[in-house]
Amino acid sequence: MADETPAPDSPVIDTTVPHSARIWNYWLGGKDNYPVDRAAGDQYVDVFPGIVDIACSGRAFLARAVRFLAGEAGVRQFLDCGTGLPTADNTHEVAQRAAPASHIVYVDNDPLVLSHAQALLTSSAEGATSYVEADLHDPERILDLAATELDFGEPVALLLMGVLGHMGDHKEALGIVRHLGGALPSGGYLALYDDTDTDEAHNRAQRDYDDTGAVPYRLRPPEQIIAYFDDFDVVAPGVVPCEEWRPEPDQGGPPRRTSTLCGVGRKP
Ligand SMILES: C[S@@+](CC[C@H](N)C(=O)[O-])C[C@H]1O[C@@H](n2cnc3c(N)ncnc32)[C@H](O)[C@@H]1O
């Protein structure tokens, strides 16, 4: 459990309402969460147990996508928006294992993620990692801050993993993807996963969660998630459930089917 006594200069952590990063951490088996997060997480699981598979398969997709990007695609720069709390196989660890010179900029707006940023700022000697506290609703600020670290004249992979549902309005979410995607050069990549609204129990659990006072998460029709890739050439196997995206043999038993969609696209 997270230490609930803040240090004098630490960011203010609100432990009275559940937070997305902390509940995600709880479902992933982490310890950086509070009673309010565990209560909301358990209530969600009671209505829709599949959410734990979704969290795990999303994380596993993130690792496979970053391995593909740093390996086969040869990308050396990553802008990971909606990073989440540090866990196993964070973006910089996966990328720098494949390509030690990889440079990662993490972006999140949760104060607890900021207070744990130190764990994200380890880096290979050849590469670099940095953390920016910023809100995805303000993509121009993210680009301004990221431009001090990344060279947007060279390929950058934009990661939007499990975060676009926090952008309530689909038009706004699409606008954010276009804004950030527009800053990528030809040969840059977009990689994302998100939850669809195709499972009624999931929709019900999400409605209950949204009533807790937490920042709501919008489950979307598949076509709205597919539309995020409009300006990109989607690499094989296309926009598919997370567990179907280039599965690897060492993943254990057959993955359970989730109502997620994910994909990786290259900017032409
Ligand atoms: C569901 S978690 C996903 C974490 C991680 N990307 C993963 O795939 O495991 C969503 C993350 O988005 C962050 N987030 C939510 N709204 C945000 C916003 N407006 N700006 C930046 N980050 C945001 C949350 O703090 C949280 O860390």
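Note that ligands are numbered from 1 as they come in the structure, with each ligand's atoms numbered from 1 the same way.
Summarising the contacts of atom 26 (C) of ligand 1 with T91, D110, D80, D108, the nearest heavy atom is found in D108. Closest to atom 21 (C) of ligand 1 by heavy atom, among G82, G165, A134, is A134. Residue N109 holds the heavy atom nearest to atom 23 (C) of ligand 1 of all those in L114, I176, N109.
Contact check for R59 versus D89: no side-chain heavy atoms found under the 4.5 Å cut-off. Contact check for H103 versus E154: no side-chain heavy atoms found under the 4.5 Å cut-off. The shortest side-chain heavy-atom distance between D53 and E243 does not fall under the 4.5 Å cut-off. F232 places none of its side-chain heavy atoms less than 4.5 Å from the side chain of L158. Counting only heavy atoms from C-beta outward, the side chains of H202 and L219 approach each other to under 4.5 Å. I104 is listed as a side-chain neighbour of Q96, based on a closest heavy-atom distance under 4.5 Å.
In this structure, atom 19 (N) of ligand 1 lies nearest to the protein heavy atom D135 OD1, 2.8 Å. Summary of contacts: the protein heavy atom closest to atom 5 (C) of ligand 1 is T83 O, 3.2 Å. Of all protein heavy atoms, the one lying nearest to atom 1 (C) of ligand 1 is G162 O, 3.3 Å. The nearest heavy-atom contact from the protein to atom 20 (N) of ligand 1 is L136 N, 2.9 Å.
For ligand 1 and H137, the ligand atoms under 4.0 Å from any heavy atom of the residue are 19 (N). Shown in contact with A21 at under 4.0 Å from a heavy atom are these atoms of ligand 1, numbered in order with element: 25 (O), 26 (C), 27 (O). Taking every non-hydrogen atom of M167 and a distance limit under 4.0 Å, the qualifying atoms of ligand 1 come out as 19 (N).
Contact analysis puts S20 in contact with ligand 1, with a non-hydrogen atom separation below 4.0 angstrom. Heavy atoms of Y193 come nearer than 4.0 angstrom to ligand 1 in at least one pair. Between H19 and ligand 1 there is no heavy-atom distance shorter than 4.0 Å. The closest approach between any non-hydrogen atom of V215 and ligand 1 is not below 4.0 Å.
Within the 4.0 Å heavy-atom criterion, the part of H166 lying near ligand 1 is the side chain and not the backbone. No part of V107 comes within 4.0 Å of ligand 1, judged by heavy-atom distances.
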Discussion item. Quick one, W245 with Y193, criterion ring pair (Phe, Tyr, Trp, His ring centres under 6.0 Å). Give me CA distance, side-chain angles, the key distance, then yes/no.
Written reply: CA-CA 11 Å; W245 199 90; Y193 74 83; over 10 Å; no

Discussion item. As a quick check of understanding, evaluate side chain to side chain donor-acceptor pair (under 3.5 Å) for H92 and T122, giving each step before the final call.
Written reply: CA-CA 8 Å; H92 71 283; T122 58; 2.9 Å; yes

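Considering both main-chain and side-chain atoms, R59 comes within under 3.5 Å of ligand 1 through a nitrogen or oxygen pair. At least one N or O atom of M161 sits closer than 3.5 Å to an N or O atom of ligand 1. By the 3.5 Å distance cut-off applied to N or O atoms, G84 is counted among the residues near ligand 1.
A side-chain donor from one of Y217 and D194 sits under 3.5 Å from a side-chain acceptor of the other.
More than 12 non-hydrogen atoms from other residues, nucleotides or ligands lie less than 6.0 angstrom from CZ of R97. Q118 CD: 12 or fewer foreign heavy atoms inside a 6.0 Å radius.
The aromatic rings of Y189 and F68 lie perpendicular to each other, with more than 60° between the two planes, well past the 30° mark.
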